[in-house]
There are 2 protein chains.
Amino acid sequence: MTRAQQKERTRRAIIDAAFAQLSPDKGFSSLSLREVAREAGIAPTSFYRHFADMDELGLTLVDEAGLMLRQLLRQARHRIEKNGSVIRTSIETFMEFVVGNSNVFRLLLRERSGTSAPFRRAVAREIQHFCAELADYLRKETACPDEFAQVQAEAMVTLVFHAGADALDASPDLRLQITHKTITQLRWLAHGAAGYARRPKE
Amino acid sequence: MTRAQQKERTRRAIIDAAFAQLSPDKGFSSLSLREVAREAGIAPTSFYRHFADMDELGLTLVDEAGLMLRQLLRQARHRIEKNGSVIRTSIETFMEFVVGNSNVFRLLLRERSGTSAPFRRAVAREIQHFCAELADYLRKETACPDEFAQVQAEAMVTLVFHAGADALDASPDLRLQITHKTITQLRWLAHGAAGYARRPKE
DNA sequence: AAAATTAGCTTACAGATGTAAGCCAAATGT
DNA sequence: ACATTTGGCTTACATCTGTAAGCTAATTTT
């Protein structure tokens with residue numbers, strides 16, 4: 001089966017080439033089939049042997065990014081077990097991910113509000129998975145009332161993602177400030193969610 | 001001075017054409033000079049009589065969008081005076097803006113994490129103004145401790161912007177759900193910020 | 001061993017794009 | 001009244017894009 005292996009190989013080459021070409025100045029939509037093919041070391045038309053479209057490639061990238069996101073959450077849980085401070089550890093783990101895989105994070109960030117509805121849906125799906133797992137965790141491991149967990153998780157993710165986005169353009173020490181600020185915000189949120197009963201009629 | 005008037009006129013035509021061509025499926029970066037010129041009713045090269053670049057046009061659009069944002073905040077304040085419910089009124093006002101000027105909001109949303117650093121900076125500046133004005137308001141009119149106002153304002157804006165982004169792709173009744181959820185989140189946040197003293201050493 | 005499949009290549013084409021060069025006519029300045 | 005400025009036009013060019021058509025050689029199937 002050298003045949004299938006080779007195919008998988010250049011498929012990966014294409015995917016890697018695409019990720020590599022993403023940058024602060026270049027989003028997926030301004031990536032051209034020819035450029036990707038060039039970087040992957042194949043002829044432009046050979047691209048079609050693997051993907052029907054640039055869009056198909058893009059959705060594959062989003063899938064991979066979502067996978068990394070979920071691995072990240074598990075990694076954070078491990079760290080919390082040995083460390084204690086839930087919020088601080090979570091944010092620091094996330095920040096490391098953002099800085100270390102900025103292309104991946106940027107892809108999610110941009111395509112979440114990008115021009116392609118299928119892309120937006122794909123990213124939304126991945127983030128929603130992420131939120132759901134986080135909500136589970138909150139229900140099991142914190143004082144958060146069960147029925148508030150999902151809403152709280154979504155707010156947390158919103159704030160942390162935004163912090164990550166800011167961190168992308170920030171210097172390392174500004175990044176620390178951002179981290180600190182975000183910790184404060186999440187603590188307020190957790191405190192509010194734990195102690196504030198929603199008034200049902202207003 | 002029919003001369004200057006005419007110039008201002010076609011300048012506006014260009015700006016309006018650009019705004020008009022923005023859509024769910026078309027962001028500013030995928031706007032072409034020729035298309036804009038065509039819609040504005042001028043020859044492609046005449047564009048340069050008004051803007052050096054597409055980038056210059058884009059920054060102008062962002063400026064105008066920021067202006068609308070600040071007007072929005074004042075409008076919300078007026079409504080609050082006659083209505084009472086601060087959080088609910090603010091969010092509802094914002095949602096109306098998002099739905100009624102989706103192209104404008106989308107511009108800010110996308111360019112905030114777009115591929116042009118100058119654009120990102122311009123949007124960040126506008127949003128920061130917005131946050132600062134909101135923080136002022138919080139200090140004057142709510143129970144929020146002065147030194148927390150800025151951080152709380154930023155969290156509120158982050159959550160509300162995110163809600164707006166979700167609302168763009170949502171059906172009207174889903175939009176109501178989003179509004180409701182966001183109100184809850186902001187209340188938690190306000191409650192937390194009012195009652196939770198930051199522990200200084202952890 | 002012969003036949004079929006297929007990943008990859010080369011060549012080719014029909015758009016679209018940004019923008020340079022230069023003309024024109026009307027408004028403005030003197 | 002004459003000279004200048006200038007907003008807009010037309011034409012032209014080089015570049016990049018996606019992708020269709022068809023060949024080749026090697027693997028896989030029969």
Side-chain angles (χ1 to χ4, degrees), chain A residues 1-23 25-62 107 110-111 114-119, chain B residues 1-23 25-62 107 110-111 114-119:
Chain A
M1 289 198 206
T2 308
R3 194 51 169 261
Q5 280 174 358
Q6 248 316 323
K7 179 156 188 181
E8 188 51 32
R9 255 192 175 189
T10 79
R11 185 190 147 94
R12 266 249 70 85
I14 293 173
I15 292 174
D16 292 345
F19 267 126
Q21 298 213 339
L22 294 178
S23 80
D25 304 323
K26 202 154 197 176
F28 182 80
S29 68
S30 55
L31 229 60
S32 92
L33 184 152
R34 290 177 105 105
E35 278 178 319
V36 171
R38 208 176 301 139
E39 172 131 357
I42 60 173
T45 50
S46 302
F47 178 93
Y48 296 109
R49 303 293 187 187
H50 303 270
F51 299 97
D53 251 353
M54 278 297 281
D55 282 11
E56 205 174 293
L57 208 210
L59 291 175
T60 304
L61 297 192
V62 171
L107 178 76
R110 284 175 176 158
E111 299 310 324
T115 56
S116 154
F119 276 51
Chain B
M1 287 197 206
T2 309
R3 195 51 170 261
Q5 280 174 357
Q6 248 316 321
K7 179 156 188 180
E8 187 52 31
R9 255 194 176 188
T10 77
R11 184 188 147 95
R12 266 249 70 86
I14 293 173
I15 293 175
D16 292 345
F19 267 126
Q21 297 214 338
L22 293 178
S23 80
D25 304 323
K26 203 155 195 177
F28 182 81
S29 67
S30 55
L31 230 61
S32 93
L33 185 151
R34 291 177 104 108
E35 275 178 319
V36 171
R38 206 175 303 138
E39 172 131 357
I42 59 173
T45 51
S46 301
F47 178 92
Y48 296 108
R49 304 292 187 190
H50 303 269
F51 300 96
D53 252 352
M54 279 296 281
D55 281 12
E56 206 173 291
L57 207 210
L59 291 175
T60 304
L61 297 192
V62 171
L107 178 77
R110 285 175 175 158
E111 298 310 324
T115 56
S116 155
F119 276 51

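In what follows, chains carry the letters A, B, and so on, assigned in the order in which the sequence lines appear, proteins first and then strands, with residues in each chain numbered from 1.
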Find every protein N or O atom lying less than 3.5 Å from an N or O atom of nucleotides 4-6 of chain D, and list the pairs.
{"from": "D:dT6", "atom 1": "O4'", "to": "B:Arg3", "atom 2": "NH2", "distance (Å)": "3.1"}
{"from": "D:dT6", "atom 1": "O2", "to": "B:Arg3", "atom 2": "NH2", "distance (Å)": "2.7"}

ask   = How would you list all residue pairs meeting side-chain hydrogen bond (donor to acceptor under 3.5 Å, both in side chains) that involve residues 40-53 of chain A, not counting sequence neighbours?
value =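 Checked against side-chain hydrogen bond (donor to acceptor under 3.5 Å, both in side chains) - neighbours excluded - the pairs reaching residues 40-53 of chain A are A:Thr10-A:His50.
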To the nearest Å, give me how far apart [atom1] ([X]) and [atom2] ([N]) are.
| X | N | atom1 | atom2 | result |
| --- | --- | --- | --- | --- |
| A:Glu8 | C:dT6 | CD | C1' | 16 Å |
| A:Arg9 | D:dT27 | CZ | C1' | 16 Å |
| A:Arg11 | C:dG8 | CZ | P | 12 Å |
| B:Leu31 | C:dA16 | CG | P | 16 Å |
| A:Gln5 | C:dG8 | CD | C1' | 18 Å |
| B:Glu35 | C:dG15 | CD | P | 16 Å |
| A:Arg34 | C:dG15 | CZ | P | 16 Å |
| B:Asp53 | C:dG18 | CG | C1' | 11 Å |

task = Look at the side chain of B:Leu33 and decide which nucleotide, out of C:dG18, D:dT17, C:dG8, has an atom nearest to it.
result =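 Minimum distance to the B:Leu33 side chain belongs to C:dG18.
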key: Within residues 37-47 of chain B, residues whose heavy atoms come under 4.0 Å of DNA chain D   =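 Correct list: B:Gly41, B:Ile42, B:Ala43, B:Thr45, B:Ser46.
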Check salt bridge (Lys or Arg N to Asp or Glu O under 4.0 Å) between [X] and all other residues, then give those that pass, not counting sequence neighbours.
| X | result |
| --- | --- |
| A:Asp55 | none |
| A:Glu35 | A:Lys26 |
| A:Arg11 | none |
| B:Arg34 | none |

ask   = Between B:Ile42 and B:Phe47, which heavy-atom pair has the shortest distance, and what is it?
value =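 Shortest heavy-atom separation between B:Ile42 and B:Phe47 comes out as CD1-N, 3.9 Å.
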message = Tell me the closest heavy-atom pair linking A:Pro44 and A:Ala37, and the distance in Å.
response =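 Here A:Pro44 and A:Ala37 meet closest at CA-CB, 3.8 Å.
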task = Tell me, please, which residues at least two apart from B:Arg9 pass side chain to side chain donor-acceptor pair (under 3.5 Å).
result =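 Counting only residues at least two positions away or on another chain, B:Arg9 forms no side chain to side chain donor-acceptor pair (under 3.5 Å).
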message = My understanding is that only residues two or more places apart in sequence, or in another chain, count here; which of them pass side chain to side chain donor-acceptor pair (under 3.5 Å) with B:Glu8?
response =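 So B:Glu8 forms no side chain to side chain donor-acceptor pair (under 3.5 Å) with any residue.
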